[in-house]
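See structure below.
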Amino acid sequence: MEGTSRAFGITSEIIPLSLPKGTEKLCELCQRPANLQCSECRVTFYCDAEHQQADWLGIHWRICPMLIPLRTPSLLSFEKACQIQLHLIKAELVEICRSVAQSKLSEGKHEEALPAAHFCLRCSIDVHGPNSVQLIPVYLLLAEANMGLGNLASVAELLSQAQWAVLQIPECGHEVYHRLHRSLGCLNTATGNLDAALVNFANDIYYASEEYGLDSTVTCRGHFLMADVFAKQGEITIARSLYSELARTWHGHLTKHLKTHIQNIENPRKLFEPSFDKFQLTEVDETLRTILDFWQNNPRKDSGQIALVALCLATLWFLGGDSLKALGFGNIALQACQLIRNHDLTEPIQGLLQLVQSAQTEPRPGSD
């Protein structure tokens, strides 16, 4: 068993737990009776090695020592100072688990995100109570992880819990409403209830625009999801209009980022610092690639839109630090642009390609 654990990157072996009579230990993941114990903290238990490995990869490696004071009766005290300290530990655990779960979701590791999201919910209930607005983002986090795994029944249940919490706490704010409606829209899209999905995405766009602004990147994502539903319904004219507007908006955002980047070009370190984190890159790349595929495969090809979206992707990946992808999309943009006489994007595309080629030839900061 020790060898199996190490194959999954676990640093400590799993040891059998001899349960005292009348005492039942429960698995950290499934709450079934447990007979295995983490040999490091000795306060976390599992029903089998598979669940121990899943929990380790998901979150336990990050929080193992922090669980000892929370789960060791001899260390607990009713003194106020001690209770405050334990509360602070739980609050820190909530933030750690939320961050780890979100990071793994951004990498597409939905199964590994589940243990962190589940633990985040348990700690959040301890810290904030069972009817707190702080639980709603955690329900949505869990729903996103299950959505990625295709567990639609679990997603529906989690979103029902989030909806119930919203009904109990009407002052939860625009940001929470936008995230809830977006999750509901994605669930309805996955289950084929496209009319309901459109209603949810319309609400998502409204609340996102109230919170972040009509042209914000967050609101843009809602428009993209709505356009995708219209495309699935065969409403191609509406989808074309929305995709065109999205490309225009993203071109504006990315052009501003690029201008800032160029202004700092005299600082060699600035040139290679990515302007987007991994999660943002993945989401924006997915959005723009879908739009590009739509225009490239549409019977009514629009070379201008292909050039614009490919330029957006080239700019995105240049800012993200991947010169090869930037060069590939830049060439697609230039080829599409050459089909249109005197196109106003020709010069910006050529300028970006020159920046990309310079980035490929210049040494990165710190390299000898």
Side-chain angles (χ1 to χ4, degrees), residues 26-34 44-48 50-60 63 93-94 96-169 172 176-197 199-201 203-204 221-222 225 228-229 232 279 282-283 286:
L26 300 179
C27 177
E28 186 76 5
L29 293 191
C30 68
Q31 301 301 295
R32 293 200 304 260
T44 309
F45 307 96
Y46 304 95
C47 63
D48 58 30
E50 183 179 354
H51 277 193
Q52 198 276 346
Q53 291 156 0
D55 190 42
W56 180 270
L57 291 173
I59 190 62
H60 193 69
I63 63 174
L93 283 169
V94 168
I96 291 172
C97 292
R98 184 206 61 76
S99 177
V100 169
Q102 188 62 68
S103 176
K104 288 184 178 294
L105 287 175
S106 71
E107 297 172 7
K109 298 177 179 178
H110 299 92
E111 190 166 6
E112 289 186 21
L114 278 176
H118 276 296
F119 198 87
C120 184
L121 179 61
R122 290 158 61 187
C123 282
S124 295
I125 292 172
D126 282 348
V127 172
H128 304 293
N131 299 311
S132 170
V133 67
Q134 282 87 352
L135 300 187
I136 299 172
V138 189
Y139 285 134
L140 299 180
L141 199 63
L142 273 166
E144 184 179 350
N146 279 281
M147 179 72 76
L149 295 171
N151 300 330
L152 298 186
S154 296
V155 175
E157 181 180 350
L158 288 161
L159 294 183
S160 292
Q161 291 175 303
Q163 284 179 293
W164 176 253
V166 166
L167 289 173
Q168 305 306 305
I169 315 164
C172 56
V176 169
Y177 279 112
H178 124 70
R179 290 189 58 193
L180 176 59
H181 282 291
R182 181 164 298 184
S183 297
L184 288 167
C186 290
L187 174 61
N188 284 314
T189 302
T191 56
N193 193 353
L194 299 184
D195 287 336
V199 172
N200 284 126
F201 288 138
N203 285 321
D204 161 29
R221 180 68 178 177
L225 294 169
D228 192 44
V229 173
K232 285 180 169 64
F279 174 74
T282 301
E283 185 172 86
E286 178 207 355

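In this text the structure is predicted, and so the values were computed from the model without any measurement.
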Can you list the steps and then say if V94 with Q134 is a side chain to side chain contact (heavy atoms under 4.5 Å, CB included)?
CA-CA 10 Å; V94 168; Q134 282 87 352; over 6 Å; no
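- Each of R182, R221, R179 was scored for a side chain to side chain donor-acceptor pair (under 3.5 Å) with D204, with one residue passing: R182.
- Summarising the geometry of Y177 relative to V166, their closest heavy-atom pair is CE2-CG1, 3.3 Å, with the distance given to 0.1 Å.
- Between the SG atom in C120 and the CG atom in L142 there is a gap of 8.0 Å [rounded to 0.5 Å].
- Here the straight-line distance linking atom CZ of F201 with atom CG of L194 works out to 9.5 Å at 0.5 Å rounding.
- For the atom pair CD (Q31) and NE2 (H118), the distance works out to 10.0 Å, reported to the nearest 0.5 Å.
- Side-chain contact between L140 and L159 is present, with at least one heavy-atom pair separated by less than 4.5 Å.
- A distance of 5.5 Å separates CG of L141 from CG of L105, quoted to the nearest 0.5 Å.
- In this structure, V100 and I63 have side chains that are not in contact, with every pair of non-hydrogen atoms separated by 4.5 Å or more.
- Checked by atom type and distance alone, the side chain of S103 never pairs as donor or acceptor with a backbone atom of S99 at under 3.5 Å.
- The shortest distance between side-chain heavy atoms of R98 and V138 does not fall below 4.5 Å.
- Across every non-hydrogen atom of S132 and I169, the tightest pair is C-CD1, 3.4 Å.
- Taking all atoms of both residues into account, the shortest heavy-atom contact from S106 to T282 is O-OG1, 3.8 Å.
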Start with the C-alpha gap between C97 and C123, add the side-chain angles, then the distance that decides, and say whether side chain to side chain contact (heavy atoms under 4.5 Å, CB included) holds.
CA-CA 9 Å; C97 292; C123 282; 5.7 Å; no
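- More than 12 non-hydrogen atoms from other residues, nucleotides or ligands lie less than 6.0 angstrom from CD of E107.
- Not counting sequence neighbours, the partners of H181 by the ring pair (Phe, Tyr, Trp, His ring centres under 6.0 Å) test are Y207.
- Nearest heavy-atom pair across K104 and G58 is CE-O, 3.4 Å.
- Applying the side chain to side chain donor-acceptor pair (under 3.5 Å) definition to pairs two or more places apart or across chains, those involving residues 183-197 are N188-N200, D195-Q233.
- Ion pairing between a basic and an acidic side chain is recognised when a charged N comes within 4.0 Å of a carboxylate O; D228 and K232 show such pairing.
- Between the CG atom in N151 and the NE2 atom in H110 there is a gap of 11.0 Å [rounded to 0.5 Å].
- The neighbour count for E111 CD, taken as heavy atoms of other residues, nucleotides or ligands under 6.0 Å away, does not exceed 12.
- Residues satisfying the side-chain hydrogen bond (donor to acceptor under 3.5 Å, both in side chains) criterion with H60, sequence neighbours excluded, are absent altogether.
- Atom-to-atom distance recorded for W164:CH2 and L135:CG is 14.5 Å, nearest 0.5 angstrom.
- When every heavy atom of A34 is checked against every heavy atom of L26, the shortest pair comes out as CB-C, 3.7 Å.
- Between A101 and A117 the shortest heavy-atom distance is CB-N, 3.9 Å.
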